[in-house]
Amino acid sequence: MASTSPRSLILLVLAVAVVVSDAQLQLSETFYDATCPQAASIVQQKVDSFVDADRGLAAALMRLHFHDCFVRGCDGSVLLNSTDTMLTEKEALLNKGSLRGFEQIDEIKMELECACPGVVSCADILALVARDATAKVGGTSWPVFLGRIDGGASFADEVNSSLPERTDNFTQLVARFARVGLDARDMVILSGGHSIGQVHCGAFFERLYNFQGLNITDPSMDPEFAAMLKVQCPPTKPFGFMALDATNGTFDSAYYLDLLTNKGLLESDVALLSDPLGVEYAIRAVQDPMAFLNEFGWAMIKMGAIPALEPYGWRRHCAFVEPKY
């Protein structure tokens, strides 16, 4: 654990209270101490090697945990492959072609199965990986509470109605987070996950080229920033990539500074400043970056406690449903 400041200790106490109070999950930092004490170190070593080889994987690995928990709870269902009878979350419009990191999760699972067969759940791997990937690129660490049970089902048609969309306004974002037990403040903090990662240029073409169908640039966008985007993302290249904030590859509070200086990319990011809560938090994150890093960890703990809709068992392979263990 990273910091011993009074703020960090208070946040840790709050985080523990949030998780322990959820009797349905009964998650614990020590869940694998007796059955697989090396689990966390195996995951961290693998994540470090993956991110050393490809720094962009940090955002991808964190994103898998988000996409998992918002659909059917934190149950590893985002990792399941489709079958003849089940089109899974991987194939949903919001996921297909955009999520990655599945091979790395499979590799981690294989190593854990060699060390501790049939013990560590895929959902717990996602939670550990998200923490370690974030810490690897500048974020602070946080305690990961373990003991999640994998799900046995995954449905593509549940994704679009569950995940936040890039065109959501503040009210819509709050509603989507509320469905999984997260409040407006959690939403604003967790949006800071966009501190790392990239997005297809086409995701913000409407703001850049056809704001409200008027064939103009969103007038709220910084003119110099808009001019730079038009060079990097011409209309003919919707599948090009653009970093989500100014310090691409480093987890920090620059995302909020970008918003405050009219350099946000997605409509859903810019929407944070349409509400006083979002404005207040963005200013605070810029003024006290360490507070944001600590609070992001707390919010991730809370998100990671979203209970599985239909717990099934510990899957031996994260991409397939096998007999219960």
Verdict with reasoning, Glu113 to Ile108, per side chain to side chain contact (heavy atoms under 4.5 Å, CB included):
CA-CA 9 Å; Glu113 285 298 313; Ile108 292 170; over 6 Å; no

side-chain hydrogen bond (donor to acceptor under 3.5 Å, both in side chains) contacts touching residues 270-283 (sequence neighbours left out):
Tyr281-Glu295

Is any side-chain heavy atom of Leu266 closer than 4.5 Å to a side-chain heavy atom of Leu244?
yes

Are Val286 and Phe225 co-members of a hydrophobic cluster defined by side-chain heavy atoms under 4.5 Å apart?
no

Please report the interatomic distance CG(Asp150) to CG(Asp124), rounded to the nearest 0.5 Å.
8.0 Å

Between CZ of Phe204 and OG1 of Thr167, what distance do you get to the nearest 0.5 Å?
15.0 Å

Within-4.5 Å side-chain heavy-atom neighbours: Tyr255 and Asp269
yes

Using only atom types and a distance under 3.5 Å, with no angle test, would you say the side chain of Asp68 pairs donor to acceptor with the backbone of Gly76?
yes

Residues Gly152 and Tyr312: closest non-hydrogen pair is N-CB, 3.3 Å

Looking at His200 and Gly202, would you say the former's side chain and the latter's main chain have a donor-acceptor pair under 3.5 Å?
no

Distance, nearest 0.5 Å, that separates CZ of Arg316 from CG of Leu112:
12.5 Å

Nearest heavy-atom neighbours spanning Gln38 and Ala115:
NE2-CB, 3.8 Å

With heavy-atom distances below 4.5 Å as the criterion, would you say the side chains of Val119 and Tyr32 are in contact?
yes

Heavy-atom check, side chain of Phe155 versus side chain of Glu89, under 4.5 Å:
no

Decide yes or no for Phe66 and Met300: does some side-chain heavy atom of the first lie under 4.5 Å from some side-chain heavy atom of the second?
yes

Nearest-0.5 Å distance that lies between atom CZ in Arg63 and atom CG in Leu163:
8.5 Å

So if you build clusters from Ile, Leu, Val, Met, Phe, Trp, Tyr with side-chain heavy-atom gaps below 4.5 Å, do Met62 and Val199 land together?
no

Can you measure from OG1 (Thr30) to CG (Leu27) and round to the nearest 0.5 angstrom?
11.0 Å

Heavy-atom check, side chain of Lys90 versus side chain of Asn81, under 4.5 Å
yes

Do Ile42 and Leu57 share a hydrophobic cluster (ILVMFWY, side-chain heavy atoms under 4.5 Å, transitive)?
yes

So does Ala92 get a backbone contact from the side chain of Asn160, meaning a donor-acceptor N/O pair under 3.5 Å?
no

Hey, are His194 and Asp245 close enough side-chain-wise for a donor-acceptor pair under 3.5 Å?
no

Would you say that more than 12 heavy atoms from the other residues, nucleotides or ligands in this model lie under 6.0 Å from the CE of Met228, or not?
yes

Indicate every side-chain donor-acceptor pair of residues 99-106 with a distance under 3.5 Å to a residue at least two apart or in another chain.
from	atom 1	to	atom 2	distance (Å)
Arg100	NH1	Asp54	OD2	3.1
Arg100	NH2	Asp54	OD2	3.3

Can you list everything that forms a salt bridge (Lys or Arg N to Asp or Glu O under 4.0 Å) with Glu206? Sequence neighbours excluded, please.
none

According to a 4.5 Å side-chain heavy-atom criterion applied to Ile, Leu, Val, Met, Phe, Trp and Tyr, with indirect links allowed, do Ile196 and Leu265 form part of one hydrophobic cluster?
no

Considering non-hydrogen atoms only, spot the tightest contact between Leu173 and Pro164 and give its length.
CD2-CB, 3.9 Å

Main chain of Gly304, side chain of Arg148: is a donor-acceptor contact present, judged purely on distance under 3.5 Å?
yes

Identify each donor-acceptor pair in which a side-chain atom of residues 126-137 lies under 3.5 Å from a protein atom, sequence neighbours left out, and give them as a table.
from	atom 1	to	atom 2	distance (Å)
Arg131	NH1	Trp142	O	2.6
Thr134	OG1	Ala130	O	2.7
Lys136	NZ	Asp52	OD1	3.0

Sidechain-backbone polar pair: Asp75 side chain, Pro311 backbone, donor-acceptor under 3.5 Å:
no

Ignoring hydrogens and geometry, is there a side-chain-to-backbone donor-acceptor pair from Asp186 to Ala299 under 3.5 Å?
no

Please check if the side chain of Ser195 supplies one atom and the backbone of Asp252 the other of a donor-acceptor pair under 3.5 Å.
yes

Ring pair (Phe, Tyr, Trp, His ring centres under 6.0 Å) assessment of Phe31 paired with Phe145:
CA-CA 8 Å; Phe31 187 83; Phe145 295 82; over 10 Å; no

Would Leu229 and Met221 count as a side chain to side chain contact (heavy atoms under 4.5 Å, CB included) here? Give the steps.
CA-CA 11 Å; Leu229 290 179; Met221 187 180 287; 3.8 Å; yes

Kindly indicate, with the supporting measurements, whether the criterion side chain to side chain contact (heavy atoms under 4.5 Å, CB included) is fulfilled by Met303 and Phe177.
CA-CA 10 Å; Met303 185 192 76; Phe177 276 69; over 6 Å; no

With clusters defined by side-chain heavy atoms of hydrophobic residues (ILVMFWY) lying less than 4.5 Å apart, directly or transitively, does Val270 cluster with Tyr209?
no

Check: Arg315 side chain, Gly151 main-chain N or O, donor-acceptor pair, under 3.5 Å:
yes

List the atom of Phe70, the atom of Arg176, and the distance in Å for their closest heavy-atom pair.
CE2-O, 4.2 Å

If you look only at pairs with a residue in residues 198-263, which of them pass as a disulfide bond (SG atoms under 2.5 Å apart), with sequence neighbours excluded?
Cys201-Cys233

Heavy-atom pair of closest approach, residues Trp314 and Val120
CD1-C, 3.7 Å

Is the closest side-chain heavy-atom distance between Met187 and Phe170 below 4.5 Å?
yes

Sub-3.5 Å donor-acceptor pair from the side chain of Ser154 to the main-chain atoms of Ser77, do we have one?
yes

Restricting to non-hydrogen atoms, name the atom on Gln172 and the atom on Asp168 that form the minimum distance, rounded to 0.1 Å.
OE1-CA, 3.3 Å

Note, Val71 side chain near Val78 side chain (heavy atom, < 4.5 Å):
no

Keeping Ser121 on the side-chain end and Ile149 on the backbone end, is there a donor-acceptor pair under 3.5 Å?
no

CD (Glu165) and OG (Ser268) are apart, to the nearest 0.5 Å, by 9.5 Å

The test is side chain to side chain contact (heavy atoms under 4.5 Å, CB included); show your working for Lys109 and Cys122 and say whether it passes.
CA-CA 7 Å; Lys109 178 64 168 173; Cys122 300; 3.9 Å; yes

Test: side-chain hydrogen bond (donor to acceptor under 3.5 Å, both in side chains). Region: residues 213-234. Which pairs qualify, not counting sequence neighbours?
Arg207-Asp218, Thr217-Lys230, Asp218-Ser220

